[in-house]
Structure formats: structure tokens, C-alpha cells
Amino acid sequence: MKKPLVFVTRKCPEEKLKALKEVAEVEMWKKEDVSCPRKLLLEKAKEADALLTMLSDQVDEELLDIGENLRVIANLAVGFDNINVEYATRKNVIITNTPDVLTDTTADLTFSLILSAARRVIEAADYVKEGKWTSWSPLLLAGADVHHKKIGIVGMGKIGQAVAKRAKGFDMNILYHNRSRDTDAENQLQATYTSFDELLKESDFVVCMTPLTNETKNMFHAESFNKMKPSAIFINTSRGGTVVEEDLVKALKEGVIAGAGLDVFEKEPIDSKHPLLMLPNAVALPHIGSATLETRHAMIDCCVQNLISVLSGKPPITPLNKITAS
Ligand code: DGY
């Protein structure tokens, strides 16, 4: 019997796909530095039974209409704002993501952005490399303390909680805002629930951990930055679409807030001439929240296990939608 066809939209290590190859014909876009062109993705979606997609692939109505044979799409990310899950459900296509395996890794990166932005780590390392370090002086590259400060976490999901756990180790006072209160998290982490406005007003570090949805799109804008302390540092490791970047640039330039640590942007990859990259008080990273070898391998494994399961007639392991057999 002919094996089902799986198209993988980005180069993954061959050995990680070995098990998948036992149940499916696997084709993969193999160029290291370029994403699979949309035209090719649509062509492959037309033939394939399953896709292993990246957060940079748009799984929209056009793709789902073309993909008449598609049974499952495994997205290599926990976030799924690149996928029209509702339409996929209507089309009977199972969508899966990669929860849990990246929680701690993403929280580590979030915390490293907090530390880097507050202690001016990147700026200081550049200072040494550029030969500017000629003497020690009392206020040279002096930043802000992180320990014993107030952190405000917007989005207290699993990653938000993992960030709070780290903050606790730094003796931070933890505020959070979420769609709904999580009393378990409050008890375990000694976190205090506040309104969004209160969190903006009170926090030394405002950390955006919320998924990108219609409700959270552009939730950080000029007015939000105006409500923050002038010494506040804004951190974003969720999705760039939660922020009006133009307003953030203005806030950073005009001293409305003190700094930012960003792993995600409205448009990725960010243009190297983008005004955010010209600011000394903004640390920018190329969306590497979950980028450790261990975690990226675990994420690929999670996608592969989901694909194998569905293609073998079993239920998906980490589904985002529920398909009822017709
Ligand atoms: C995710 O999984 O959504 C991250 O942004 C990618 O690491």
C-alpha cells in the first residue's frame, strides 16, 4: 500500500525523522537559510496527507482549501497564531502544537532578556569588543537591579508561571494579569493578580507572555507605555503582534520607559535598519525563545509522534482541535 506523504517545511535533522519515514514518504525543504517559498508550500499541500510546519508558515484558508488530502498538520511551536485552527476544524484537518517541552527553555530565555536589558549585558560586551574599555569608573555601564524588584507577568500560562518561578528565586515581588485568575499559581508562586492597568503602573519589569489572539493584538501601545514607570523595562518573548512597535520605539527614545528586551517582532525577520535596532536601550534577539538543541529536538519529536499517531489511525497526542469522524 502507498505510504502517506508528509511535507516538512524546514530542514530538520534526518535522524529525527527516521520513525516517521517508517510510516510515511517524507519530503523536506532542505535549504538552511531560506524558508520554503509559499508557492512550493501550496504545491506540496495539494499532494500531501500531512505537513510539519513552522510558525513562519501561514496555514490559512487558501492552503487548507488546496490541501484536499490533508489529515494532520503538526506545527513546530507552542504558539499557533499562524494557523486558522477554526477553518482547519471545518476542513477536518487535525492541528497539533508542541506544548510543555519548551516551557522551561523559553522561561530561561525570558529571564536572560530581563537580566540582559537591566544589566546592559549586550551593550557592555560590545563596549569591551569595540575597545572602548579604558578604565574602571563608578557608574560605567551601571544598570538596574533585578532582585527584589516587581515583575508584572501578562499571561500566566505555563511559560508565564515558569518565569514567575525564576523570579521567585530572585526575591522578586510577582504581579500577574491573565484572562482568568489562577489561584493555584497564586498560592504556589505567591503571585498577586492585578488589573492590566495596575500591573503596568506598578511593575519594574513588564513581561508579555500572552499568546497572540484578536484580543491581545496591539495590547501594548502608547497609552500602555505611558502608564509604566519611567524606569520600567518591557520584555516580550510571546509574539510581536501584541505590541505597536512604533509606539514602543517612541517610548524608548523619549525615556517614557527605560528599556526593552525583545525576542519577537511584528514582522520577522526584523529589518536590520528597523529603528528598534538603533536604540542602545533595546536588546533584540531573533526569536530564539525555545532554541536549545535539547528543546528543539524535543519539539521535532513531539511533531513526529503526532504525525505518526494520526497517520496510523490513532488520536493525536497534543491536538489543538477536535475532529469528529464523519
Ligand atoms: C513557540 O513555540 O511558539 C515559540 O515562539 C517558538 O519557540
Side-chain angles (χ1 to χ4, degrees), residues 8-13 16 29 32-33 35-36 51-60 72-85 88 94-114 116 153-163 166 178-179 207-217 219-220 234-243 245 260-270 276 283-307 316-321:
V8 181
T9 69
R10 207 69 209 236
K11 191 167 190 293
C12 294
K16 288 271 132 204
W29 172 255
E32 295 275 4
D33 300 330
S35 359
C36 172
L51 299 175
L52 195 166
T53 53
M54 308 296 129
L55 54 84
S56 44
D57 299 315
Q58 288 311 310
V59 178
D60 50 15
V72 53
I73 298 176
N75 202 42
L76 190 86
V78 69
F80 49 90
D81 47 283
N82 59 314
I83 300 185
N84 187 337
V85 179
I94 295 169
I95 307 292
T96 68
N97 67 341
T98 62
D100 305 326
V101 290
L102 47 66
T103 301
D104 283 318
T105 302
T106 309
D108 284 351
L109 193 275
T110 306
F111 222 84
S112 73
L113 266 178
I114 293 175
S116 306
I153 300 173
V154 180
M156 198 61 143
K158 287 181 184 158
I159 306 176
Q161 289 181 36
V163 171
R166 283 150 180 78
N178 207 34
R179 260 184 320 178
V207 183
C208 173
M209 303 299 313
T210 183
L212 178 61
T213 62
N214 289 339
E215 288 74 47
T216 64
K217 192 168 163 52
M219 76 185 285
F220 292 95
F234 175 68
I235 304 291
N236 190 5
T237 54
S238 75
R239 287 293 182 268
T242 56
V243 181
E245 260 167 21
L262 310 164
D263 186 41
V264 289
F265 302 90
E266 258 171 35
K267 188 175 170 296
E268 295 179 4
I270 189 168
L276 265 177
V283 175
L285 302 178
H287 203 149
I288 54 163
S290 62
T292 62
L293 280 176
E294 298 95 320
T295 292
R296 286 289 159 86
H297 285 167
M299 289 165 72
I300 297 171
D301 288 344
C302 178
C303 290
V304 164
Q305 289 314 318
N306 271 301
L307 293 169
I317 297 150
T318 52
L320 287 167
N321 58 355

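We count ligands from 1, going down the list as the structure has it; atoms in each ligand are counted the same way.
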For Leu102, the ligand 1 atoms with a heavy-atom partner under 4.0 Å come out as 2 (O)
So the atoms of ligand 1 within less than 4.0 Å of a heavy atom of Arg296 turn out to be 7 (O)
Between the side chains of Asp108 and Arg166, is the shortest nitrogen-to-carboxylate-oxygen separation below 4.0 Å, so that they form an ion pair?
yes
Given the options Asn75, Thr53, Asp57, Asn82 meets side-chain hydrogen bond (donor to acceptor under 3.5 Å, both in side chains) only with Asn75
Any heavy atom of Thr98 under 4.0 Å from ligand 1? The part involved is neither
Ligand 1 to Leu55, heavy atom cutoff 4.0 Å, flagged ligand atoms 5 (O), 6 (C)
Just wondering, more than 12 heavy atoms not from Phe80 lying within 6.0 Å of its CZ?
no
* Main-chain N/O of Glu32 paired with Arg10 side-chain donor or acceptor, under 3.5 Å -> yes
Counting from 1 in the order shown, the ligand 1 atoms closer than 4.0 Å to a non-hydrogen atom of Ala77 are 1 (C), 2 (O), 3 (O)
Taking only non-hydrogen atoms of His287 and a 4.0 Å limit, the atoms of ligand 1 in range are 4 (C), 5 (O), 6 (C)
Looking only at heavy atoms, the pair that brings Thr98 and Val78 closest together is OG1-N, 3.4 Å
When every non-hydrogen atom of Ala291 is compared with those of Thr105, the smallest separation belongs to N-CG2, 4.4 Å
Do any N/O atoms on Val78 end up under 3.5 angstrom from N/O atoms on ligand 1?
yes
Note: ligand 1 atoms sitting under 4.0 Å from heavy atoms of Gly79 are 1 (C), 2 (O), 3 (O)
- Task: Give a yes/no on ligand 1: does Met54 have at least one heavy atom closer than 4.0 angstrom to it?
- Result: no
- Item | Flag, side chain of Asn306 to backbone of Ala74, donor-acceptor distance under 3.5 Å | no
For Lys16 and Val304 the tightest heavy-atom approach is O-CG2, 3.7 Å
- Item | Polar proximity ligand 1 side, Arg239 side, N/O cut 3.5 Å exclusive | yes
*Could you say whether the N/O atoms of Met299 and ligand 1 ever approach to under 3.5 Å?*
no
min-distance protein heavy atom vs atom 7 (O) of ligand 1 -> Ser290 OG, 2.4 Å
Contact region, Asn97 to ligand 1, non-hydrogen atoms below 4.0 Å, reads neither
Closest non-hydrogen atoms of Ile300 and Pro13, given as atom of the first, atom of the second and distance, are CD1-CD, 3.7 Å
